[in-house]
Structures are given as C-alpha cells and as structure tokens.
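Numbered from 1 within each chain, the chains take letters A, B, ... in sequence-line order. These values consider heavy atoms only, across backbone and side chains, with no hydrogens, waters or symmetry-generated copies.
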Number of protein chains: 2
Amino acid sequence: MNIGKAADASGVSAKMIRYYESIGLIPAAHRTASGYRDYTDDDVHVLQFIRRARDLGFAVEHIGELLALWRDQGRASADVKRIALNHVQVLERKIAELQGMVATLRTLAERCHGDDRPDCPILADLDAPAPSCPECHPAPARRRFGKP
Amino acid sequence: MNIGKAADASGVSAKMIRYYESIGLIPAAHRTASGYRDYTDDDVHVLQFIRRARDLGFAVEHIGELLALWRDQGRASADVKRIALNHVQVLERKIAELQGMVATLRTLAERCHGDDRPDCPILADLDAPAPSCPECHPAPARRRFGKP
DNA sequence: CTTAGACCTTCCTGTCATTGGAAGGTCAAG
DNA sequence: CTTGACCTTCCAATGACAGGAAGGTCTAAG
C-alpha cells in the first residue's frame, strides 16, 4: 500500500506520515523498488493509534511513550494510567485557564452597550483593569495555551 | 525610559516588545542618540494593554484590531463587543473539545487496574476504539488546541 | 507505444508567539 | 579605566503541521 492509501486508511495525512517518520515516532517504512514507501495493514494500525491519541490531545512526545508501551507486551498498565491521568491534569489546567478568560470576557461584554457610542467597558478594562473586580482578573496566565 | 524599564513596567519582555514592533503591532519606538529605544509612559500604557489582551487569550491579530479601536475615539462599542463575544465562542469551543478528551481519558483510566499486569483498556481503546462506548468517542476534533 | 495526469520522492519555506544566543556597542558605578 | 549590566541586530529553534517546487513513477486511455 502506498503512502496515499495508508493516509486515507489511517486518517493521517501523507505529509504527517513522512513527518512522524522523520522525527522517529514511527520506523522508516519499507520501500518499493522505485523508492515509494510501502505500508502494511499493521503499519496503518499504528497510524490509527497515533491519530486517535492525537485526537485525545496527546503531544507527539507522549504518543511516543504510549506507542512504546503498546508494543511492549510486558508493560505495566500502571504506566499507561499514569500517563493518561497526568494528561488529564494538564487538560484540566488548560480548561480552567480558558474558563477564566471566558468569565472575564462575558462579564465585560455584558456591561458593554454594543451600540454606536464609543464607551466600552471592554476597552476600558483592557486599558486599566479595575482591581475591584476579581472575577475580571483571574490569576495571570504565564504560559498560554499555545504550547500543550 | 529604555526597553528594559519599559519591559518591567509593562510586563512584556524586551524580546517581545521588539517583536511587536517588527510585526507592526506597535509603531517603531523613538531612539536615543546612541540608538537605544526610548519609551514614554504612554508607550508603556499601550504595552500593558497588549499584555492584558494576551492574558485574555486574544491572538496578536485580534489585539491589533482592539488596539485600533482603542485608539479610535469614534469607534462603535458594538465592534469591540463583537470581537470579544466572537473570542468567547472560540474559547468555549476549545473548552468543550478539551472536556471531551478529559471525559474519555477519565473513563478509560477508571477501567484500568493501574497495576503490574499488562492489560490496559486505555491502550486497547487507542488500539481499536470500542464503538459501543459513545462517551469514549466524542465528535472527532479536527483542529487541536495548538492554534488559538 | 505514447501521453496525460495522478501520484510519489526530497527539500525548502512559512506558520505563530516566543525564547535563546552570539557578536558587538553603550552606560553607570566604583 | 574597568567591570558588568544593559542595549543593539541578526540568526536559529521550538511543535505540529501545510504549501509548494522540481523531478521521478505509475496507470489508464487513446
């Protein structure tokens, strides 16, 4: 099976398959005489595993760990559970951060007329955040959600 | 005031101040005779505005819009409200996505012994997600949270 | 058999917000 | 004058991709 078929079958784009190979997440694929990458059903299976883990928000780094455990028949399920629960914590921290932002923005938007007048509490707050409104000013988020 | 003081006063790193200048988010700073950037309190004020907006999760692109509105005395508050509420929607979509992931992982982790035995429903699900467990299989998240 | 065009290959670039570092100039205190 | 803390510019890297150029290969139709 060539890379295009493998991409369709696994839901991982051909670009990404080559990328995962380049960073060592998956071993180099077999090649046909003409140099085309050639995939087996098992290879596609691995790619599906990766895609599913990505959909669950695992970083590629952690997917590598999960793959190793998956391949290791003697692994302890505790290891897997630890990785999963650790990921849950990371996700929940992120959720809390986002919820703080939403709360602030909703509060500000509620106080905004939303008409043609120039007054706008949203801009006013961005300008000089009112210290008397703790709901508007959650703990400063040092790291943003761009880096999982 | 040099860039270091402006950075301390605004909470935006010197690196980022130069970056914001380079992408045109802020105008080029005045320079001293020796070429050092020189900032006024007003400049710092703008930087604080930017930092606050970043803390609220606005993309730099949107901060540019907000800055333009902030500077525009004749702006309509409706414009600001629209941007803010639009951002709320984006954030809430992201939150729902993350919550779906957490729910799946929690469910899987609950079913995992977490001992030395190799059996692990987490890996088993990544392997071949059970179609009979809708809770485990939320709507596929196409875009991940890496790009706000 | 030839040809079109759909696929494959590698390699390079850009994204976004940010951090890091190197090489070199400037400033203030001792 | 020296020290070291600052400033300057420029270049590279991060993660997880997407896009594209240049060139080779495969397949089906004519």
Practice problem: Among the candidates C/dT9, D/dA16, D/dC17, find the nucleotide nearest to the side-chain atoms of A/A59. | Solution: D/dA16
Practice problem: Specify the separation, in whole Å, of atom CD1 of A/I3 and atom P of C/dT10. | Solution: 8 Å
Quiz item: Of all heavy-atom pairs between B/F58 and B/I83, which one has the smallest distance, and what is that distance?
Solution: CE2-CG2, 3.9 Å
Exercise. Apply side chain to side chain contact (heavy atoms under 4.5 Å, CB included) to the pair A/D38 and A/R31, showing each step before the final yes or no.
Key: CA-CA 5 Å; A/D38 196 33; A/R31 301 294 184 122; over 6 Å; no
Quiz item: Over how many whole Å does the gap from A/I17 atom CD1 to C/dT10 atom P extend?
Solution: 13 Å
Quiz item: What's the CE-C1' distance between A/M1 and C/dC8, to the nearest Å?
Solution: 16 Å
Quiz item: Are A/Y36 and A/L47 connected in a single hydrophobic cluster, I mean Ile/Leu/Val/Met/Phe/Trp/Tyr linked by side-chain heavy atoms less than 4.5 Å apart?
Solution: no
Quiz item: With a 4.5 Å heavy-atom cut-off, do B/H45 and B/D41 have their side chains touching?
Solution: no
Exercise. Kindly say if A/R18 contacts the phosphate of C/dT9, meaning a side-chain N or O under 4.0 Å from OP1 or OP2.
Key: yes
When you compare the protein's N or O atoms with those of nucleotides 20-22 of chain D, which come within less than 3.5 Å of each other, and at what distance?
| from | atom 1 | to | atom 2 | distance (Å) |
| --- | --- | --- | --- | --- |
| D/dG20 | O6 | A/K15 | NZ | 2.3 |

Quiz item: What pairs with B/Q99 under side chain to side chain donor-acceptor pair (under 3.5 Å), at least two apart in sequence or on another chain?
Solution: none
Quiz item: To the nearest 10 degrees, what angle separates the axes at the start and end of the helix from C/dC1-D/dG30 to C/dG30-D/dC1, five pairs each?
Solution: 20°
Exercise. With sequence neighbours left out, write down each residue that passes side chain to side chain donor-acceptor pair (under 3.5 Å) with A/R106, or none if nothing qualifies.
Key: B/E92
Quiz item: Could you give the CG-to-P distance, from B/D8 to D/dA5, as a whole number of Å?
Solution: 15 Å
Practice problem: Calculate the interatomic distance between A/K5 atom NZ and C/dC8 atom C1'; express it in whole Å. | Solution: 13 Å
Quiz prompt | Whole-Å distance separating the CG atom of A/N2 from the C1' atom of C/dA6 | solution = 11 Å
Quiz item: Taking DNA chain D as the partner, which of residues 20-38 of chain A come within under 4.0 angstrom of it by heavy atom?
Solution: A/Y20, A/S34, A/Y36
Exercise. Name the closest nucleotide to the A/Y19 side chain, picking from C/dT9, D/dA18, D/dG15.
Key: D/dG15
Per-pair distances, 0.1 Å, donor-acceptor, side chain in residues 12-30 of chain B, under 3.5 Å, sequence neighbours excluded:
| from | atom 1 | to | atom 2 | distance (Å) |
| --- | --- | --- | --- | --- |
| B/S13 | OG | B/M16 | N | 3.1 |
| B/E21 | OE1 | B/A29 | N | 3.4 |
| B/E21 | OE1 | B/R37 | NE | 3.0 |
| B/S22 | OG | B/Y19 | O | 2.7 |

Quiz item: For B/H62, what residues pass the side chain to side chain donor-acceptor pair (under 3.5 Å) criterion, not counting sequence neighbours?
Solution: none
For residues 1-9 of chain B, which side-chain N or O atoms pair as donor and acceptor with protein atoms under 3.5 Å away, sequence neighbours left out?
| from | atom 1 | to | atom 2 | distance (Å) |
| --- | --- | --- | --- | --- |
| B/N2 | OD1 | B/G4 | N | 3.2 |
| B/N2 | OD1 | B/K5 | N | 3.1 |

Quiz prompt | Side-chain heavy-atom pair A/I50, A/V60 within 4.5 angstrom cut-off | solution = no
Self-check item: Interatomic distance, B/R51 CZ vs C/dA17 P [rounded to whole Å]
Solution: 17 Å
Quiz item: Listed by chain and number, what are the salt bridge (charged side-chain N to carboxylate O under 4.0 Å, His left out) partners of B/R82, not counting sequence neighbours?
Solution: B/D79
